[in-house]
Amino acid sequence: PVVRLLEYLNAGRRKIAVLRPDEMVQSMSIPLVAGSRQSLPSTVEQLIEITNSEDDACGTGPGVSRVEWDAWAAYNKVACAAVGSPYRVRDYAYNPNSPRQFYIYPAIPPGRTGSVVASVRLSPAQFTLGTIGSDIGAVGSKYLNAVYAWMKHRAYKLDTESMTSEKDSQDAYAEFMQELGLSQTVDSRLLSGYNM
């Protein structure tokens, strides 16, 4: 059924995003709200780096320093930009244990906003029956053959009693890994803990 194929399509795109996170990295502008604590947009999986601060009145500002989370938590700086002065983000901290949030310094004063340019890792868009004809986005046409191979792998896996289907499933998975430029041996060793 179409719904099952759609599930395989979305699963394949998520698997590519996990195995090739570099393909999901993009630079984007993130709007900021008043205060120190900020939230990532829903399409963002992970914050990699904030490169600079943006301000309509002042143009793009200098680079922003990353502060290690432990230092940020220990000192908990609460200074705020002076009202009326051009706002610039000077430092930021990101706690990997709370991946949907990051913190900026100085905090944005009440009633003001700002934005930063950040390098982020996006989540792959998930298709529905209504959006299947739209642009395939971040995991794009470059890995279309890999997505097809993943879908074949999952489809052949349905027939658990057939040795032929099991072999076809393994062949399709090997094709998937080859299309990504990855070694199946490396993947299996990583998942088994061999590298530890």
Side-chain angles (χ1 to χ4, degrees), residues 1-31 37-51 66 68-70 93-103 118-196:
V2 176
V3 174
R4 182 168 284 168
L5 291 175
L6 191 61
E7 176 191 326
Y8 295 165
L9 170 67
N10 287 327
R13 289 165 52 81
R14 286 192 302 270
K15 184 73 170 178
I16 291 170
V18 167
L19 293 174
R20 292 300 306 264
D22 53 308
E23 295 294 332
M24 304 302 294
V25 173
Q26 178 178 313
S27 180
M28 70 183 298
S29 179
I30 298 178
R37 185 171 64 183
Q38 307 294 320
S39 296
L40 293 173
S42 61
T43 57
V44 173
E45 186 89 11
Q46 176 186 10
L47 175 68
I48 296 171
E49 175 186 30
I50 294 178
T51 52
R66 178 174 181 176
E68 289 304 318
W69 177 249
D70 292 340
Y94 177 71
N95 182 357
N97 295 321
S98 180
R100 303 297 317 146
Q101 298 174 342
F102 64 99
Y103 295 81
S119 179
V120 298
R121 186 165 64 89
L122 299 175
S123 305
Q126 298 298 291
F127 288 115
T128 63
L129 290 176
T131 62
I132 193 67
S134 63
D135 179 29
I136 61 176
V139 178
S141 57
K142 179 178 179 181
Y143 292 114
L144 203 52
N145 289 337
V147 172
Y148 292 152
W150 177 264
M151 292 173 74
K152 286 191 297 185
H153 160 67
R154 291 288 303 271
Y156 284 127
K157 273 279 199 209
L158 283 177
D159 188 1
T160 57
E161 296 178 9
S162 167
M163 290 180 63
T164 304
S165 290
E166 179 61 29
K167 182 181 180 333
D168 289 342
S169 174
Q170 290 173 358
D171 290 346
Y173 187 76
E175 179 186 349
F176 171 76
M177 295 298 281
Q178 183 178 2
E179 288 292 336
L180 293 180
L182 300 173
S183 163
Q184 200 168 354
T185 306
V186 169
D187 185 46
S188 63
R189 285 184 172 182
L190 176 67
L191 294 176
S192 71
Y194 175 86
N195 59 324
M196 301 304 280

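Residues take their numbers from the sequence shown, with the count starting at 1. Worth saying up front: this structure is predicted, and the values here are computed from it rather than measured.
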Could you measure the distance from the NZ atom of K15 to the NE2 atom of H153? Nearest 0.5 Å is fine.
8.0 Å

Nearest 0.5 Å, what's the CG-CG distance between D168 and D159?
10.0 Å

Please report the closest heavy-atom contact between L180 and R20, naming both atoms and the distance.
O-NH1, 2.8 Å

Check step by step if side-chain contact (heavy atoms from CB on, under 4.5 Å) holds for L182 and F176.
CA-CA 9 Å; L182 300 173; F176 171 76; over 6 Å; no

Would you indicate whether the side-chain heavy atoms of D171 and K152 approach each other to under 4.5 Å?
no

Spatial distance of atom CD (E45) from atom CZ (R14) [nearest 0.5 Å]
11.0 Å

Distance from E175 atom CD to N145 atom CG, nearest 0.5 Å?
7.5 Å

Look at atom CZ of R37 and say whether more than 12 heavy atoms of other residues, nucleotides or ligands are closer to it than 6.0 Å.
no

CG-CG distance between N95 and L47, expressed to the nearest 0.5 angstrom:
11.5 Å

Side-chain donor or acceptor of S98 paired with backbone N/O of Q101 under 3.5 Å
no

Check the pair Q26, R121 against side-chain contact (heavy atoms from CB on, under 4.5 Å), reporting the backbone distance first and the verdict last.
CA-CA 6 Å; Q26 178 178 313; R121 186 165 64 89; over 6 Å; no

Between V44 and L122, is any pair of side-chain heavy atoms under 4.5 Å apart?
yes

Decide if atom OH of Y8 counts as having more than 12 heavy atoms of other residues, nucleotides or ligands within a radius under 6.0 Å.
yes

For the pair Y143 and L19, evaluate side-chain contact (heavy atoms from CB on, under 4.5 Å) and give the outcome as yes or no after the intermediate values.
CA-CA 12 Å; Y143 292 114; L19 293 174; over 6 Å; no

Give a yes or no on this: more than 12 heavy atoms of other residues, nucleotides or ligands lie within 6.0 Å of atom OH of Y156.
no

Tell me whether R100 contacts the main-chain N or O of S39 through its side chain, where contact means a donor paired with an acceptor under 3.5 Å.
no

When rounded to the nearest 0.5 Å, the distance separating CE of M177 from CH2 of W150 is 9.5 Å

Where is the tightest heavy-atom contact between A118 and I30, given as atom of each residue plus distance?
CB-CD1, 3.7 Å

Heavy-atom nearest pair, S123 first then M24, reads C-CE, 3.8 Å

